[in-house]
There are 2 protein chains.
Amino acid sequence: MTPREHLPTSIATVCLSGTLPDKLEAAAAAGFEGVEIFENDLLTFDGTPAEVRRMCEELGLAITIFQPFRDFEAMPEPQRARNLDRAERKFDIMLALGTELILVCSNTQPATLDDPARAAADLREMADRAARRGLRVCYEALAWGRHVNRWRQAWDIVQRAGHPALGLCLDSFHTLSLGDDLAGLAEQVPAEKLFFLQLADAPRLSMDVLSWSRHHRLFPGQGELPVAPFLAEVLRAGYAGPLSLEIFNDEFRAAPSRRIARDARRSLTWLRDQMGGGVLPALPRLSGLEFVEFALDHAARAELGAMLSTLGFRRAGTHRSKDVELWRNGGANLVLNAEPDSAAAERFEQLGPAVCAMAIRVDDPARLVARAQALQYPVWRERTGAGERAIPAIRAPDGTLIYLVEDPALGARPIWEDDFHLSPAALEPGHFLGLDHAAQAVAPGMMDSFVLFYRALFGLVPETLWELPDPYGLVRSRAFVAPDGSLRLPLNVSESTRTGTGRFVSSLAGAGVHHLALATGDAAAVVDQAAARQAPLLDIPENYYEDLGARFGVTDAELSALRQRHLLYDRDPQGGVFRHAYTTAFRDGVFLEIAERSGGYAGFGAANAPARMAAQRRGARAVPPEIG
Amino acid sequence: MTPREHLPTSIATVCLSGTLPDKLEAAAAAGFEGVEIFENDLLTFDGTPAEVRRMCEELGLAITIFQPFRDFEAMPEPQRARNLDRAERKFDIMLALGTELILVCSNTQPATLDDPARAAADLREMADRAARRGLRVCYEALAWGRHVNRWRQAWDIVQRAGHPALGLCLDSFHTLSLGDDLAGLAEQVPAEKLFFLQLADAPRLSMDVLSWSRHHRLFPGQGELPVAPFLAEVLRAGYAGPLSLEIFNDEFRAAPSRRIARDARRSLTWLRDQMGGGVLPALPRLSGLEFVEFALDHAARAELGAMLSTLGFRRAGTHRSKDVELWRNGGANLVLNAEPDSAAAERFEQLGPAVCAMAIRVDDPARLVARAQALQYPVWRERTGAGERAIPAIRAPDGTLIYLVEDPALGARPIWEDDFHLSPAALEPGHFLGLDHAAQAVAPGMMDSFVLFYRALFGLVPETLWELPDPYGLVRSRAFVAPDGSLRLPLNVSESTRTGTGRFVSSLAGAGVHHLALATGDAAAVVDQAAARQAPLLDIPENYYEDLGARFGVTDAELSALRQRHLLYDRDPQGGVFRHAYTTAFRDGVFLEIAERSGGYAGFGAANAPARMAAQRRGARAVPPEIG
């Protein structure tokens with residue numbers, strides 16, 4: 001075992017919602033070994049520090065630190081003396097809590113002196129008083145400290161003070177948010193002076209660092225800061241204390257503490273794994289979506305089947321033991337599940353007709369299941385009939401089941417052959433190459449849970465964030481893709497409950513697949529056939545094509561070909577082209593997309609989203625387009 | 001009439017939610033004379049530009065400009081030629097729309113050349129082509145333009161181009177967000193070169209100017225930018241075009257377009273008034289809250305009356321013709337309304353027991369009513385019995401009625417004498433000086449409507465924004481106060497629906513008074529009496545007092561006096577002191593505060609909000625405190 005695997009995990013109570021007992025119970029339930037007691041959580045708690053100590057003991061939680069002690073050092077008298085008195089009162093509380101470490105963050109007051117020698121003298125005095133009571137002090141540079149905002153300054157002061165009960169606290173956010181790094185830490189700071197470590201990630205935002213820190217911190221892996229290299233440097237310097245999370249995040253404060261604590265604990269498992277040494281089973285090799293499954297009753301299945309038929313799908317098989325149908329066109333498989341007493345039936349009860357599962361092709365389902373278990377993600381196995389394959393699944397944060405199947409292209413026996421009676425239609429050629437992407441609509445407070453799920457468990461990589469104007473509010477969209485592009489899962493979120501995304505999320509309990517794109521090599525041909533079968537395709541207004549001509553200089557012939565099929569068009573700077581069309585929504589829920597990529601186009605036609613979203617508000621066209 | 005009163009009002013369609021017809025109808029209904037057609041709204045519209053023209057004509061709306069034309073000037077070939085072709089296609093659309101002006105905003109592309117002469121030549125060419133078709137072009141410096149981001153640079157380029165069909169567009173946000181001003185405009189730019197003016201306000205945020213502009217713009221008067229002095233400079237320079245609003249705001253995009261359009265129109269009325277010349281009747285002189293009125297049924301009234309009795313209130317009168325009671329202690333008046341078929345009864349039907357109205361003392365109610373009418377705020381008159389006073393009222397954005405009464409302290413006859421049978425209790429002395437403040441909980445999307453209501457109509461001034469940590473999420477609080485401190489109305493908003501504020505807002509349809517503070521000169525005495533009467537006072541934990549001692553160095557005697565009464569304490573840097581205590585919530589809704597200000601303390605004890613909010617989650621204390 002490497003030393004890093006010994007380092008205990010810890011979380012600051014400020015990360016979690018609720019009362020102090022709620023927070024402690026959630027931290028313990030998620031498997032944390034320690035907590036930072038954030039002072040405000042103690043002040044508002046209706047019980048003594050000794051009771052907090054007892055609660056923590058019963059829950060098996062160490063109190064790793066008491067924090068923060070603010071605006072202490074380098075103050076003029078009489079504030080200096082008052083601050084030392086204040087420290088003594090906090091020492092009383094620490095002794096009652098049974099924690100021996102207090103965090104002093106660098107002074108933000110206008111009155112504080114720009115005098116490192118004086119700061120060192122004050123901290124030395126505080127450390128001396130602490131030591132007399134068996135306590136220790138660590139000093140942290142806040143990114144917005146008045147005079148001290150870099151860890152090197154804090155270290156200079158700690159070094160000057162030269163007291164054994166005074167050490168350094170490092171915080172990844174305070175260092176990385178300023179674009180700073182830990183160069184020199186291992187060389188200059190003795191390991192025994194590294195008293196404490198706080199870990200936080202964040203999105204890269206251009207805003208003042210105080211607001212950024214107070215509202216937008218994230219758990220490691222949810223954001224964009226290089227937290228893993230930061231931790232690697234701290235470990236290289238010989239740090240041997242807890243790995244502790246301190247996250248201020250408006251959504252986490254408002255979310256159920258159990259879910260957030262669980263994500264927090266997962267983020268540390270992921271981070272330890274990033275250090276190497278195989279904490280987690282290796283990431284899967286992904287190769288696309290094998291199927292998407294809908295939960296339906298018989299009436300909804302008949303209706304969806306009719307709609308799918310207009311797109312060229314055929315019923316290709318029925319399940320051997322369950323009321324489940326396979327619909328297929330070429331490489332695109334859709335499972336229509338109406339089995340009572342199943343996970344799908346439960347989902348149908350709650351949500352009506354909706355996507356209940358998708359199946360991802362992976363190199364080794366068992367290894368990915370083990371990885372999910374190590375990350376505390378719930379694993380699920382549906383009951384199976386005799387001779388049927390048990391397909392393992394993981395439950396996504398919104399309840400969708402993610403089945404894991406071996407890739408038939410790599411020689412695995414297709415699940416269909418074991419579990420389904422396939423009809424001759426199963427082997428007929430089709431115009432769809434497969435499932436291009438499945439876009440999920442996610443409630444605002446659930447986004448970061450999903451980010452961790454996709455990144456930590458599957459190794460998907462977040463792409464650019466798009467802001468898409470729906471007629472009734474903004475929709476933010478970010479795709480998570482496999483590094484080799486073999487799997488694409490966009491996540492859409494909307495603060496507005498009036499957008500298409502917002503209404504979908506409100507109508508379902510949380511989220512789910514909102515649209516499903518079918519890959520084709522010839523969108524025009526697919527649309528022509530679909531239109532001939534009266535498919536409910538979405539009308540795109542004439543003005544869109546006028547602008548397209550102006551923007552891209554598309555030839556009149558091509559423009560006319562797009563226009564008459566209501567095909568949308570995008571082109572990337574490298575010349576990759578995307579042609580796509582949409583159906584209207586099935587029962588005001590999921591809709592389908594016909595998607596043709598060429599020339600290496602890797603996006604999702606985000607520039608066309610406004611036209612699509614406005615058209616969706618108007619609904620389906622009355623008559624099929626004229627085919628020229 | 002001054003010239004500014006002739007300038008027509010206009011609004012960009014991007015400010016409003018919905019489809020293009022929704023937007024146009026909302027703008028017309030709010031009284032706008034023109035609209036800027038935001039191109040995206042046209043592209044997603046399923047009808048021809050000529051149809052848009054007809055809709056606008058029918059609604060009496062001029063199309064003041066077509067916008068934006070992006071990334072045009074100073075591009076290398078062949079992009080330069082393509083951009084000119086693109087312009088020609090947009091000219092076609094403008095002719096169909098029937099608008100003669102197009103807005104070109106400064107180029108943001110990495111490929112654009114840093115060459116003002118070339119930019120001028122390109123714009124000259126575009127203007128020349130426009131002129132041949134009877135059109136004009138105006139050029140605007142985007143705050144994040146690649147090379148051109150100041151109006152003076154844009155003017156330099158327009159001047160170099162020297163074409164009569166090319167002029168300048170000014171935008172208050174692009175100038176003020178960079179800390180720039182209009183110094184030199186009137187002296188250097190001929191009035192006929194000022195083609196267009198866009199007005200936008202914003203909160204002062206420290207973030208990148210592009211995100212700030214795209215998500216956080218506000219209507220004039222809702223934010224913190226000096227939009228009025230900006231407009232004054234533009235008018236001094238002789239600008240004679242429309243006053244047009246261009247606001248990108250995530251909440252406005254998601255809100256009902258009628259309300260937002262109305263606020264937009266109000267903001268321009270207010271802004272014109274700021275120019276002087278008496279567009280609006282003068283601001284009122286305010287002098288506090290005369291009463292707060294609860295809508296109740298008989299059971300709830302009996303229960304609230306019992307609670308009020310424990311605080312020393314007595315039933316002091318009954319209404320002459322309605323089922324309405326006056327409860328009073330000293331200078332604090334509460335009206336308990338159980339009259340069927342009244343505005344109060346309607347509110348009770350919708351919301352249960354809640355505050356339905358408050359009465360503000362003003363110097364001239366009729367003048368304020370006229371001001372409200374000029375700002376399109378709805379005015380209300382309750383039916384009155386014979387000999388009773390008709391008290392005018394204005395409906396706040398959340399439906400609360402704001403009664404306007406003359407100040408009895410200024411010699412006006414108190415309304416109670418006309419409308420109520422007063423009992424001898426009405427004249428008994430009491431320990432409350434009056435109503436200190438009424439705090440309203442507001443749904444997130446409603447905050448800016450309230451800001452405009454308080455600022456534009458009443459002349460209240462926004463104070464510092466506080467972020468208060470409730471155990472289940474953040475609450476943002478901002479007080480609106482009369483310049484002389486005679487009226488204090490805090491507004492609280494929470495994105496989380498799990499906070500006290502969030503739950504209150506969800507349970508009521510939108511908002512309302514959530515807590516009411518009663519002013520006293522001796523909070524300790526009031527609490528002692530209330531506790532003796534078993535008032536449902538809120539427990540504050542011991543840990544709060546430990547910290548108070550450490551923070552303020554309060555004497556042990558004072559600390560003990562506070563602690564045994566569960567009084568909260570705050571002190572401002574000038575030594576002003578606030579002592580306050582809270583009741584538990586009445587039927588999970590409104591709660592009361594006992595508030596003692598001394599030494600000029602002007603705040604609301606925000607530092608104590610976490611302790612209060614956590615205590616509210618625990619509920620009332622079981623037994624009254626021991627009185628020493």
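Each chain gets a letter, A, B and so on, in the order its sequence line appears, and its residues count up from 1. Treat the numbers as computed from the prediction; the structure is a model and nothing was measured.
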### Query
Between Asp46(A) and Pro541(B), is there a donor-acceptor pair closer than 3.5 Å when you use the side chain of the first and the backbone of the second?
no
#### Entry: Heavy-atom check, side chain of Tyr472(B) versus side chain of Asp22(A), under 4.5 Å
yes
### Task
Mind checking salt bridge (Lys or Arg N to Asp or Glu O under 4.0 Å) for Asp470(A) and listing every partner two or more places apart, or none if nothing turns up?
none
#### Entry: Ala255(B) versus chain A, the contacting section by heavy-atom distance below 4.5 Å
backbone
### Query
Which bit of Asp92(B) comes within less than 4.5 Å of chain A, counting heavy atoms only: side chain, backbone, both or neither?
neither
### Side chain, backbone, both or neither of Pro444(A) within contact of chain B (heavy atoms, under 4.5 Å)
neither
### Task
Give a yes or no on whether the backbone of Arg551(A) and the side-chain of Arg86(B) come within a donor-acceptor separation of less than 3.5 Å.
no
### Task
Against chain A, label Lys90(B) side chain, backbone, both or neither, depending on which of its atoms sit under 4.5 Å from a heavy atom there.
side chain
### Message
At a heavy-atom distance under 4.5 Å, which candidate from Met613(B), Glu88(B), His215(B) has the highest pair count against chain A?
### Response
His215(B)
### Pairs of heavy atoms under 4.5 Å with chain A: top-ranked of Ser496(B), Ala550(B), Pro49(B)
Ala550(B)
### Message
I'd like to know which of Leu548(A), Asp85(A), Leu42(A), Thr499(A) tops the heavy-atom pair count under 4.5 Å against chain B.
### Response
Leu42(A)
### Message
My understanding is that only one of Asp208(A), Val209(A), Leu210(A) makes a side-chain contact (heavy atoms from CB on, under 4.5 Å) with Ser206(B); could you say which?
### Response
Asp208(A)
### Query
So Arg498(A) and Ser17(B), side-chain contact (heavy atoms from CB on, under 4.5 Å) or not? Walk me through it.
CA-CA 10 Å; Arg498(A) 300 175 74 215; Ser17(B) 72; 3.5 Å; yes
## Note on the structure
Answer key: most heavy-atom pairs under 4.5 Å with chain A among Gly502(B), Pro256(B), Ala87(B) is Pro256(B)
### Query
Charged N to carboxylate O under 4.0 angstrom, Asp547(B) versus Arg89(A)?
no
## Note on the structure
Interatomic distance, CE@Met207(B) vs CG@Leu205(A), rounded to 0.5 Å, equals 8.0 Å
### Task
Could you tell me which non-hydrogen atom of Arg618(B) sits nearest to which non-hydrogen atom of Thr44(A), and how far apart they are?
NH1-O, 2.7 Å
### Task
Give a yes or no answer on whether the side chain of Asn543(A) reaches the backbone of Gly47(B) with a donor-acceptor pair at less than 3.5 Å.
yes
### Task
Applying side-chain contact (heavy atoms from CB on, under 4.5 Å) between Asp250(B) and each of Glu495(A), Arg476(A), Glu467(A), report the one that passes.
Arg476(A)
### Query
Quick one: what part of Glu39(B) sits under 4.5 Å from any heavy atom of chain A, side chain, backbone, both or neither?
side chain
### Message
With chain A as the partner, which of Ser257(B), Pro469(B), Gly473(B) has the greatest number of non-hydrogen pairs under 4.5 Å?
### Response
Gly473(B)
### Task
Mind checking ring-ring contact (aromatic ring centres under 6.0 Å, His included) for Trp144(A) and listing every partner two or more places apart, or none if nothing turns up?
His174(A)
### Message
Does any part of the side chain of Leu43(A), heavy atoms only, come nearer than 4.5 Å to the side chain of Pro610(B), both counted from C-beta?
### Response
no
### Task
Among Gly549(A), Gly553(A), Ala611(A), single out the residue with the greatest number of heavy-atom pairs under 4.5 Å to chain B.
Gly549(A)
### Query
Do you know which of Arg214(B), Glu546(B), Arg253(B) has the most heavy-atom pairs under 4.5 Å to chain A?
Arg253(B)
